There are 2 protein chains.
Amino acid sequence: MRILVVEDDADLRRQLGEALKDSGYAVDLADNGEDGHFLGDTEPYDAVVLDLGLPIIDGISVLQKWRADGKTFPVLILTARDQWSEKVSGFDAGADDYLTKPFHHEELLARLRALLRRAAGHTTDSIDIGGLHVDNRAARCFVDGMPVKLTSHEFRLLSYMAMHRGRVISRTELVEHIYDQDFDRDSNTIEVFVGRLRRKIGTNRIETVRGLGYRLIDPDNVPVKK
Amino acid sequence: MRILVVEDDADLRRQLGEALKDSGYAVDLADNGEDGHFLGDTEPYDAVVLDLGLPIIDGISVLQKWRADGKTFPVLILTARDQWSEKVSGFDAGADDYLTKPFHHEELLARLRALLRRAAGHTTDSIDIGGLHVDNRAARCFVDGMPVKLTSHEFRLLSYMAMHRGRVISRTELVEHIYDQDFDRDSNTIEVFVGRLRRKIGTNRIETVRGLGYRLIDPDNVPVKK
DNA sequence: CCCCATATTCAGATTGTGTTCAGGGGTGTA
DNA sequence: TACACCCCTGAACACAATCTGAATATGGGG
């Protein structure tokens, strides 16, 4: 999952970035409306945290532009306590949730998770696929009840695939959602991670579709032809 | 499905080419208006992605020429954000859809699928023909509910025939839509693929029309005959 | 009954994937 | 600060699926 944070306060921006990375997200940061808008337009984020009081272009305008362009990623807006009216215009502009400053990081994380899973059409923080349990809240994973230790990138990979289970996901899509902006895509890291994941959660859970990508499946629920 | 991409920016061109190939299309690339126009005139594309700001001949002119020549393939134009007025002239010139740069690959793919299926007169990404289900989005195929594993070229063949179900399709047409430019057509690959496809989805679904080509049919719904 | 279009088979060639590993950077601990 | 450890990255190599083109078989139509 890849998140964009647009926040002009340097301290808060840094803190948010760290908190989100700690939670296993790929994070890009912007400190003004213009850069933020450009990034949101260019990169395929899974969610955006958007401050409303921004230099150059204000948050509401940024959000409006995105929505006018058909961007559908969930947006969580941050407002100062005394700018209550902004909340309203925020929702009008297409925000999905808001948080008033100051707030606890915990709360931000919880709301973000909720947005992400809602966007993926799930209703809980965890996903079960034939004995495989992926807990996005705790960033943990179990196979047949036994905890499996995953590194952060392994978990991101699994989590993204679980969110889009059953669908074929191309390497390009995986790279775009697992890494943040600057990543040199011509290497075989994805294959390497898929390999390691398979060793940990079982080879038959990740199906490779030659020429297209990978798909997470329930190995016990594949109607076999022939 | 065979796509032409006319884009002068080398990076973007390469990226688009890869993303489209990842999705299973045959792709030709052109980096200027003149070459692009020539290719569109010469080869039977199923859709074209056309940048408007091009060297030698600009995109709008290219599009106008094609339309004046009676080319009907769907065209998706790419415009820079600040060239909004171009969009209008683009539509006037006969474009079917547009996307402003920068954009997500996923969005381009979605719009392209929409254009392709619209051009073929369908309204969804998947097609059913008497127990045969072809899902162009997931690049999957089912026979009587059972998933059938196809290789990428097998799927392209099936997909093209499904888009034009009921019609007789010549070998030449198949070759032209399944492969990109540089392909040596004097071999019997098509027969080979048809053979393999028949073995996988059932012999009676692909009818041979001697001297003309093949036709995809519903074996349970053949209007008598014979 | 012969000819030609179509089918089938098969063995390289080619391309796409999996695995392994060493070096580097980061993190936590003494 | 130095040390130990873990993870990520990129490259090299091993392996596998798929594609291709040719050789060979089959069958319909004149």
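Note on naming: letters A, B, ... go to the chains in the order of the sequence lines (proteins, then strands), and numbering restarts at 1 for each one. The shown structure was predicted, so the numbers you read here are calculated from the model rather than taken from an experiment.
The phosphate of dA7(C) has OP1 or OP2 within less than 4.0 Å of a side-chain N or O from Tyr214(B). Within the structure, every side-chain polar atom (N or O) of Thr203(A) is placed at least 4.0 Å from both OP1 and OP2 of dG18(C).
Note on residues 126-135 of chain A: no pairs pass salt bridge (Lys or Arg N to Asp or Glu O under 4.0 Å), not counting sequence neighbours. Applying the salt bridge (Lys or Arg N to Asp or Glu O under 4.0 Å) definition to pairs two or more places apart or across chains, those involving residues 16-26 of chain A are Arg14(A)-Glu18(A).
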Nucleotide N/O of nucleotides 8-10 of chain C paired with protein N/O under 3.5 Å:
from, atom 1, to, atom 2, distance (Å)
dT8(C), O4, Asn188(B), ND2, 2.7

Please enumerate all protein N or O atoms sitting under 3.5 Å from an N or O of nucleotides 27-30 of chain D, with distances to 0.1 Å.
from, atom 1, to, atom 2, distance (Å)
dG27(D), N2, Arg210(B), NH2, 3.2

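No donor-acceptor contact under 3.5 angstrom links the side chains of Asp46(A) and Tyr25(A), judged on distance only. For the residue pair Thr189(A)/Arg171(A), the side-chain donor-acceptor check at 3.5 Å is not satisfied.
When the P atom of dG21(D) is taken as reference, atom OH of Tyr179(B) falls 8 Å away, rounded to whole Å. Protein atom CZ of Arg171(A) is 10 Å distant from nucleotide atom C1' of dG18(C), rounded to whole Å. Atom NZ of Lys200(B) is separated from atom P of dA17(D) by 12 Å (rounded to the nearest Å). In this structure, the CD1 atom of Ile178(A) is 15 Å from the C1' atom of dT9(D), given to the nearest Å. Note: CD1 (Ile190(A)) to C1' (dG10(D)) measures 13 Å, nearest angstrom. Protein atom CG of Leu157(A) is 15 Å distant from nucleotide atom C1' of dT9(D), rounded to whole Å. Regarding Glu207(A), its CD atom lies at a distance of 16 Å from the C1' atom of dA16(D), rounded to whole Å. Computed from coordinates, the Glu154(A) CD to dC7(D) C1' distance equals 9 Å when rounded to whole Å.
By the side chain to side chain donor-acceptor pair (under 3.5 Å) test, Arg210(A) is found to be paired with no residue, residues two or more places apart in sequence or in another chain being considered. The ring-ring contact (aromatic ring centres under 6.0 Å, His included) check on Phe142(B) picks up His133(B), with sequence neighbours excluded. For Arg165(A), the side chain to side chain donor-acceptor pair (under 3.5 Å) test picks out no residue, with sequence neighbours left out. For Phe38(B), the ring-ring contact (aromatic ring centres under 6.0 Å, His included) test picks out no residue, with sequence neighbours left out. Legend: residues meeting side chain to side chain donor-acceptor pair (under 3.5 Å) with Ser23(A), ordered by chain and number and at least two apart, are absent.
Of the candidate nucleotides dC7(D), dT18(D), dG18(C), dT18(D) has the atom nearest to the side chain of Thr151(B).
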